[in-house]
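All values derive from a computational prediction rather than experimental measurement.
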Amino acid sequence: MRTLFRNGRIINVFTDTVQETNVLIDGERIIGVGAYSCEDADSVVDVSGKVICPGLIDGHIHIESTMLNPAEFVRACLPHGTTTVIADPHEIANVSGLYGIGYMIETSRKLPMTVYYVVPSCVPATEFDESGGVLNAQDIAVLFNDPYVIGLGEMMNFPGVISGVPDVMAKIGAAHKAGKLINGHAPMISGAELDRYIAAGIFDDHECSTIEEALERLNKGQWIMIRQGTAARDLEALLPLFEEPLSRRCLLVTDDKHPADLLHNGHIDSIIRQAVQKGAPVLTAVRMATLQAAQRFGLNDLGAIAPGYQADLLILDDLETMRVKDVYRRGVKVVTDGQTLPFADPQIRPDIWKTVRNSVMLRKLDSAMFHIEPGRGPCRVIRVIPDQLITKEYRTELDLTENNGVDTEKDIIKLAVIERHVDSGHIGLGYITGLGIRKGAIASSVSHDSHNLIVAGVTDEDMTVAANHIREIGGGLAVVCDGRVLADMPLPIAGLMGLGTASEMAEQNRKVREAAAGLGSAPGIEPFMNLAFVSLPVIPDIKMTTQGLVDVNAWKRVPLFADNADKA
C-alpha cells in the first residue's frame, strides 16, 4: 500500500534545510522523496501548508518516572510527536527485579510507539542501597537476547568503573560481548578519572549540568544528552551546545518527567520549543531530537525523511512551535488532529502482574520511629538545589530539645527513608532544607533508585500519617497536614505507576503538587520530584538511604552529627 504525502515542506536533517517536495511511502518504509505524483500511489494525503518532520526520539527516559503505565505513556506522548524512546526500566527493576523488566518489555511490544530498552546496570544502584531486586552480569547477558534490548543502561556506579570493581566490570564485559552500547552517568568527574570511565566503553552521558563539564566530555568523544525534565533542567546551562560543530554530538532527553508536565507542556517537542525560545536554531534542535538520537543508538533507519527510512512522520502546523497535527508511525496514522487514535491495552502475564502489584511490604508505622536522638557537634543537613538533582551538605547546630530539631524559620524539616521491600525495619533519619515546607508532611514510594518510602515533614505525627497512607494505597504520593490527607496519587504498579488514564494521572499529579505547594515551597523546587532524588547515592554531594547518610564524593556512610565523623 503506497501513500503519497504531497505539497508539504519536509525537514531535511542531513542538510538542515526545509524543502518543498513530496514523500512516498510503501507500508512501513519511505521509498521516495521528490517529484512523485498521484499516479505513483494508492492513496494521497494532501499536506499543503504543513511541515513534515521525522518522528521525535527520546534517547533516555525512565517510563516509570512519568508515573504512567507504558500504554498510557504512549497515549500521552504520541500527540507530542514522540515515535521512539530508549527506555531504562531501572526504577521498576530496583523494586521487582526481572519481573519488573518483564512487565515493561511485555507491555511495550504491541504499542503504537517503538520502545527500545537498555538493561539496568545498577540494581541495586550502590552497596548503600536496599532494593527489592538484584541484577547480576548473568541476568544482564540473558536480557541482551531480546531484539528490543539495545544496550546497558546508565552506569551510575562510576567509582566502581574507575576502580575496576569486578562485578561492575563483568556487566560491562557482558555488554561488550553482546555488541551492545553502554549509557553513562558520571556527574562532575573529570580528568584522569573521566578518562578511565570513558575507556570502559561508555560513550554518552546525560548528567552534565555545566558547559565546562559538557565540553570536556565532547573533547573526549562522548555524546552529550541534553536533559530537560521535571526536576533536572540543564538546557539553559548547555545552550552553547546548539552551536556548530558542538551540536553534532548532542541529543535531547527528558530522563524523568511527571505526567502533568508531560500532558500540559509536552515531551521532546517541549525541549525544542524551549531551546528555540532561548535562541537555538530550530532545525538544529530537530536534528538533535531525531537523526542524532538514532545515530547514537545505531538505529540506522530512524530519525530522517529519506528513502529506506522507517515512515515515522509528523505533520506539523508550524515549525517554530512544533505544533503537531497528525502522527504516522511505521506508515500507520496513530494521531489525528492532536488526538491519539484508540488502541488496545496489552495483556499481562498473571505472575508478573501479581509481583508488580504487591510491592509495599511494610508494617504499620508509629510516630516513635521518626524521633532523632541528639548527638555531638553540628548536624549534617541535606540542602536541595533548585532545578538540579545535586544536593549539598549544610552543617548547623540544632537544638533537638525544641521540636526535635525541626526549625521552619530556618527551613529545616525532618527527613526519613524507610525500607519497604521486605519490611526490614531499617530507617534513615535526618534533616533537609530547601524544600520550603512549613507545615505538614509529604511522602512517596518514588525515591530513586531503590524506591523505598521517603517522607519529609514538620511533625512526626504528620509524617506517620503520610507514611501509613502510602502503605495503605500500595504505593504512591501523599500530602498530609494536621493529621489529614489533603491529596494522594495511588501508584499500585510497583509503587511507581498508576492504573488511571494519562489525563486522570495528570490531574492527580496536579492536585498533589498543589497540595504540597500549600505546605510551603521554595522557588525552582517541585517538592515530590526533588525529594525523589534525595535518596540517590550516585549523585553528589550527600544523600539519605535506609541506613543513614551517604557522602557520595567520599563514597562512604557518614553520621548525622559531624563530631562523630571519625566513626563513619
Side-chain angles (χ1 to χ4, degrees), residues 126 128-130 365-386 388-419 425-444 447-448 452-464 466-467 519-522 525 527 530-568:
T126 72
F128 308 119
D129 286 313
E130 292 184 278
L365 307 172
D366 63 75
S367 60
M369 292 184 65
F370 297 100
H371 180 75
I372 297 175
E373 292 295 328
R376 295 179 57 188
C379 183
R380 289 183 168 93
V381 178
I382 296 177
R383 184 193 296 278
V384 298
I385 309 298
Q388 295 291 333
L389 306 185
I390 294 167
T391 52
K392 296 293 184 182
E393 180 183 309
Y394 165 59
R395 296 189 186 187
T396 186
E397 296 286 347
L398 292 181
D399 181 4
L400 270 66
T401 63
E402 186 74 21
N403 299 322
N404 202 210
V406 171
D407 189 339
T408 56
E409 293 303 314
K410 294 182 179 179
D411 189 21
I412 296 174
I413 62 173
K414 201 172 283 188
L415 174 70
V417 180
I418 308 162
E419 193 280 320
H426 296 158
I427 178 170
L429 293 171
Y431 299 92
I432 187 168
T433 185
L435 292 177
I437 292 174
R438 301 178 67 83
K439 58 183 178 179
I442 62 175
S444 174
S447 60
H448 301 281
N452 289 298
L453 177 54
I454 191 165
V455 191
V458 174
T459 71
D460 294 353
E461 291 73 22
D462 279 347
M463 293 176 73
T464 305
L519 303 182
S521 61
I525 297 293
N530 283 92
L531 188 66
F533 288 93
V534 167
S535 56
L536 178 55
V538 294
I539 294 182
D541 288 337
I542 187 166
K543 304 294 180 182
M544 179 65 75
T545 71
T546 58
Q547 299 186 45
L549 289 172
V550 173
D551 182 329
V552 180
N553 298 320
W555 204 246
K556 66 178 184 178
R557 293 189 181 94
V558 293
L560 183 59
F561 295 95
D563 192 54
N564 298 324
D566 59 325
K567 299 178 183 178

Please report the interatomic distance [atom1]([X]) to [atom2]([Y]), rounded to the nearest 0.5 Å.
X      : Y      : atom1 : atom2 : result
Leu400 : Tyr431 : CG    : OH    : 3.5 Å
Ile454 : Leu531 : CD1   : CG    : 4.0 Å
Lys543 : Ile390 : NZ    : CD1   : 8.0 Å
Ile413 : Asn403 : CD1   : CG    : 13.0 Å
Leu389 : His448 : CG    : NE2   : 8.0 Å
Arg380 : Asp551 : CZ    : CG    : 7.0 Å

Can you name the closest pair of heavy atoms from [X] and [Y] and give their distance?
X      : Y      : answer
Ser535 : Asp129 : O-OD1, 4.2 Å
Leu435 : Ala456 : CD1-CB, 4.1 Å
Val455 : Ala443 : CG2-CB, 4.0 Å
Ser444 : Leu453 : O-CD1, 3.4 Å
Phe370 : Asn404 : O-OD1, 4.0 Å
Thr545 : Pro537 : CG2-CG, 4.2 Å

Taking [X] for the side chain and [Y] for the main chain, is one N or O donor matched with an acceptor at less than 3.5 Å?
X      : Y      : value
Ser447 : Asn452 : yes
Arg383 : Gly434 : no
Asp411 : Gly436 : yes
Ser367 : Glu461 : no

Which class fits the ring pair Trp555 and Phe128: parallel under 30°, tilted 30 to 60°, perpendicular over 60°?
perpendicular
With side-chain contact (heavy atoms from CB on, under 4.5 Å) as the criterion, how do Leu549 and Leu560 come out once you've worked through the C-alpha distance, each side chain's angles and the decisive distance to 0.1 Å?
CA-CA 7 Å; Leu549 289 172; Leu560 183 59; 3.9 Å; yes
Between Asp541 and Lys392, is the salt bridge (Lys or Arg N to Asp or Glu O under 4.0 Å) condition met? List the steps.
CA-CA 5 Å; Asp541 288 337; Lys392 296 293 184 182; 3.2 Å; yes
Between the side chains of Thr408 and Lys439, is a donor N or O closer than 3.5 angstrom to an acceptor N or O?
no
Going by the salt bridge (Lys or Arg N to Asp or Glu O under 4.0 Å) test, name the single residue among Asp462, Asp460, Asp407 that passes it with Lys414.
Asp460
